Amino acid sequence: QVQLVESRGGLVQPGGSLRLSCAVSGSIFSINAMGWYRQAPGKQRELVSTITSAGDTNYADSVKGRFTISRDTAKNTVYLQMNSLKPEDTAVYYCNANIRPRLLELFRTYWGQGTQVTVSS
């Protein structure tokens, strides 16, 4: 059983910072790419950032220069450092990971439960 457990989000003032983490636990043979998505009220879920097993990163244009994704391979954990937060960053943030649970199984995508981030004064 694979689980992705995200840290608690929170309420942050505009211009503030917040760091999210997402730890993968359970049956894990290999983890490929990991990433963060978000969904604001009334909108579709959108990509925020991804990071490959080699450490290559990708960001949505809206967060470039403000957000930084990283991962700790030994801890099976991905982080999202969010700086200079704006009200439009308000959303439920979801982590995901492409995981092969066992050697003879295929890679599958798993999702965290989501954590609310609210940027407001």
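All of these numbers come straight from a predicted model, not from anything done at the bench.
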Is the backbone N or O of Ala33 less than 3.5 Å from a side-chain atom of Thr52, with the two atoms forming a donor-acceptor pair by type? no
Where do Pro101 and Ser27 come nearest, in terms of heavy atoms and distance? O-OG, 3.0 Å
For the hydrophobic clusters of this structure (ILVMFWY residues joined by side-chain heavy atoms under 4.5 Å, transitively), does one cluster hold both Tyr37 and Tyr93? no
Is any side-chain heavy atom of Met34 less than 4.5 Å from a side-chain heavy atom of Val24? yes
Is any side-chain heavy atom of Glu6 closer than 4.5 Å to a side-chain heavy atom of Leu20? no
With no hydrogens and no angle check, is any side-chain donor or acceptor of Arg66 less than 3.5 Å from a backbone partner on Ser84? yes
Charged N to carboxylate O under 4.0 angstrom, Asp61 versus Lys64? yes
Roughly how far, to the nearest 0.5 Å, is the CG atom of Asn76 from the CD1 atom of Ile28? 4.5 Å
Which distance, rounded to the nearest 0.5 Å, do you find between the OG1 of Thr118 and the CG of Leu11? 6.0 Å
To the nearest 0.5 Å, atom CD1 of Ile31 lies from atom CD1 of Ile99 at 5.0 Å
Donor-acceptor pair, Arg19 side chain versus Gln81 backbone, under 3.5 Å? no
Is it true that Leu104 and Leu106 fall in one hydrophobic cluster, defined by side-chain heavy atoms closer than 4.5 Å? no
Check whether Ser7 reaches the backbone of Ser21 with its side chain - one donor and one acceptor, N or O, closer than 3.5 Å. yes
Any side-chain heavy-atom pair of Tyr79 and Thr68 under 4.5 Å: no
Given 3.5 Å as the limit, does a donor-acceptor pair link the side chain of Thr115 with the main chain of Gly9, or not? yes
Does atom CD (Gln44) have a neighbourhood of more than 12 heavy atoms from anything else shown, all under 6.0 Å? no
Relative to the ring of Tyr94, is the ring of Trp111 parallel (under 30°), tilted (30 to 60°) or perpendicular (over 60°)? perpendicular
Roughly how far apart are Asn98 CG and Phe107 CZ, rounded to 0.5 Å? 6.0 Å
Might you point out which heavy atoms bring Ser17 and Asn83 nearest each other, and give the distance in Å? OG-OD1, 2.9 Å
Heavy atoms from other residues, nucleotides or ligands near CD of Glu105 exceed 12 (cutoff 6.0 Å): yes
Test log, rule side-chain contact (heavy atoms from CB on, under 4.5 Å), inputs Gln116 and Thr90: CA-CA 8 Å; Gln116 178 70 46; Thr90 296; 3.9 Å; yes
Are the side chains of Asp89 and Arg38 in contact, using a 4.5 Å heavy-atom criterion? yes
Are Val92 and Val119 connected in a single hydrophobic cluster, I mean Ile/Leu/Val/Met/Phe/Trp/Tyr linked by side-chain heavy atoms less than 4.5 Å apart? no
Heavy-atom distance under 4.5 Å between the side chains of Tyr59 and Ile51, does that happen here? no
Taken to the nearest 0.5 Å, the spacing of Ile69 CD1 from Leu80 CG works out to 6.0 Å
Rounded to the nearest 0.5 Å, what separates atom CE in Met82 from atom CZ in Phe67? 5.5 Å
Please report the shortest heavy-atom distance between Pro14 and Ser120, naming the atom on each side. CD-C, 3.5 Å
